[in-house]
There are 2 protein chains.
Amino acid sequence: MSHVTLEDVARAADVSLATASRALNGRRVTPHLHDRVLAAAARLAYTPNAHARALAGASRRSVGVVCHDVTDPYFAAVAGGVMRVAADNDLLVMLASTFRDPEREIAYVSMLRAERAPAILLIGSGFEDPRWERAMAAELAPYLDGGGRVAVVSRHRTLKVDSVLPENRAGAAELARALLGLGHRRFAVLSGPPELTTVADRLGGFRDELTAAGVALGPGAVAEAAFTRDGGYRAMTELLDRGLDATCVFACTDVMAVGAYAALRDRGLSVPGDVSVAGFDDIPVVRDLTPPLTTVALPLHRLGEEAMNLALTENTGRRRRIVRLPGEVVMRASTAPVA
Amino acid sequence: MSHVTLEDVARAADVSLATASRALNGRRVTPHLHDRVLAAAARLAYTPNAHARALAGASRRSVGVVCHDVTDPYFAAVAGGVMRVAADNDLLVMLASTFRDPEREIAYVSMLRAERAPAILLIGSGFEDPRWERAMAAELAPYLDGGGRVAVVSRHRTLKVDSVLPENRAGAAELARALLGLGHRRFAVLSGPPELTTVADRLGGFRDELTAAGVALGPGAVAEAAFTRDGGYRAMTELLDRGLDATCVFACTDVMAVGAYAALRDRGLSVPGDVSVAGFDDIPVVRDLTPPLTTVALPLHRLGEEAMNLALTENTGRRRRIVRLPGEVVMRASTAPVA
DNA sequence: CTGAAAGCGCTTACAG
DNA sequence: CTGAAAGCGCTTACAG
């Protein structure tokens, strides 16, 4: 591991370390010397050691991002927004994928803290578990005290930091109204892990709106599974096994809806002929399904952009900043009026 | 930015810096002192400064990964494999998304070099452009000389480094045979940017196999566009506008096939009734399309795993290592026999 | 504008 | 086993 150092460059350009450093960092230096330094650096293929720089007090250009699963289209889309802003600001992104393991999420925050990332983004629903919340807070507190900035997407209750919040509750309520408007009165829901804040909000918003309309959503009408395509398949299958008594199924995420489509297909049921299906998120692929999926469209790319922007700008106020992004119900062919 | 340092911990535990360092790194230390150090570190919420560590010679635990676009399902799947191996090895991943901009790819490698990443992975087809190839080689050479390791997925001609190569040419040829076996004789192809090595291989393998069977693929039968869903839509539309004279369309990537489906649907054409469609990659979603897509299945997750494994293990031989992963033709309902 | 020097926070031979 | 000290490669006051 022999590396060309600043000292090598300084020697080659016959200037002092300080001058070489200044020239490379665009500070005032006699043009003549400036050129000599740059030429020497280029000739030696010099790359500054980011660690030495960081240790010497230069500001870091690598931010940390933690999400649940990079292969999930929802996170991929949000990450796309994050990467866009990062690229525009010449930032490198240290991306961690927790594989939906709460412990691992905390371990990653700790690693990112060790890296002295100037900012950490937490993407995706938090866990409503007191023990976990305490551990995460304990990890974040010293980081924030040390001047680190934190921004999150989709988790409010747990962390008191700058947040980008999709309006899950309102979106689910609006979807419920639209579905009621189609004449549906018997619903079922494919729900995710109950400890995720997103689940509580979407399920709650949906149920409350039904209740307000005098429509009940019995416990037997809700099936829980993982927030994955296969989870959606399993939950839908379970509902079918229980003897599905609904004209419309709401999947808490589009990804689950994709699995639900497959489960229904495997039972020979058609959408929306036999049952209407609606999702949430509007991940890119759902418009290419057959039939295209009715869903609550979230500006996924913007979720990531806004979070990164929060993390990159100073919060001058005394309170944490919250960016609320509304969802928009998009009716597509997967939901039909009740005959 | 006031941080707790090792010195703070040492003082709190009333030991020397060296002893504190050793205790924290699991080296031999009297149990008594060991406990005192760990207790002090925990009490102070100490996190070692990764930069100081790196500078002092400890090995780095952050590898660099460069891909074209994190929102693309192909890269997301490969990245999933990468993240898996990284997590198993307690590594942090610095992930860069080039947005398919060759210049940006080189800039990222340079940043990763500055970060002294012990390994850099380049995921996705390289560019067949002499100027670009030279610039990339110039960036990589000093990195390799300095002990850095490089592994790539999907690019052979350009870089002489450890590689994971999907057998694009053989896969495309096998697909051609399967399609010929269905009775097709008139083909069209949705191709990507010709400067991508992947395009040359897949298109070449497909065309050569047709030629061997005495079937020509005229220049008018090939439409070029971006390796994206919208690119696929545009290319398919262009083919249709030219007056498509084919019973089967081969999209060089599944993502493009998704766009092609939409274009055909918009023209009122059915798959495979009016035209058969086949893709390449087997990204997760294609089995959920209607009809499910015939394609060449690549072990996407493994592509990422193998690349990371190459980057993590020493190459003891004198030649670069190459892991070839074969694709497997998967016939689904999007391709039908010719009547 | 330029240079000598201190200091960032660790790790690791080197003595003891 | 433990500690004092050097050194990793930079940046940045501080003099000049």
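In what follows, every chain begins at residue 1, and chains take the letters A, B, ... in the order their sequences are listed.
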Query raised in the report: B:R155 and salt bridge (charged side-chain N to carboxylate O under 4.0 Å, His left out): which partner among B:E128, B:E105, B:E195?
Result: B:E105
Query - Residue mapping more 5' on DNA chain D - nearest nucleotide basis, B:L55 or B:S16 - result: B:S16
**Report entry** Base C:dG3 to side chain A:R22, donor-acceptor N/O within 3.5 Å cut-off
**Finding:** yes
Query raised in the report: Would one find a side-chain N or O of B:T19 under 4.0 angstrom from OP1 or OP2 of D:dG3?
Result: yes
Requested in this report: Just say parallel, tilted or perpendicular for the rings of B:F127 and B:H68, cut-offs at 30° and 60°.
Outcome: tilted
Query raised in the report: What is the ring orientation for A:H51 with B:H51, classed by angle as parallel under 30°, tilted 30 to 60°, or perpendicular over 60°?
Result: tilted
Query raised in the report: Which residue, A:L17 or A:L33, contacts DNA chain C at a nucleotide closer to its 5' end, judged by nearest heavy atom?
Result: A:L33
Query - Side-chain ion pair, B:R100 and B:D72, N-O less than 4.0 Å - result: yes
Query - d(CG, A:L24; C1', D:dT12) in whole Å - result: 15 Å
Query raised in the report: Atom CZ of A:R53 and atom P of D:dC10: how far apart are they, to the nearest Å?
Result: 9 Å
Requested in this report: Tell which nucleotide pairs with D:dA4, taking only Watson-Crick or G-U wobble pairs whose two distances are both under 3.5 angstrom.
Outcome: none
**Report entry** Base partner of C:dA13, which must satisfy Watson-Crick or wobble distances under 3.5 Å
**Finding:** none
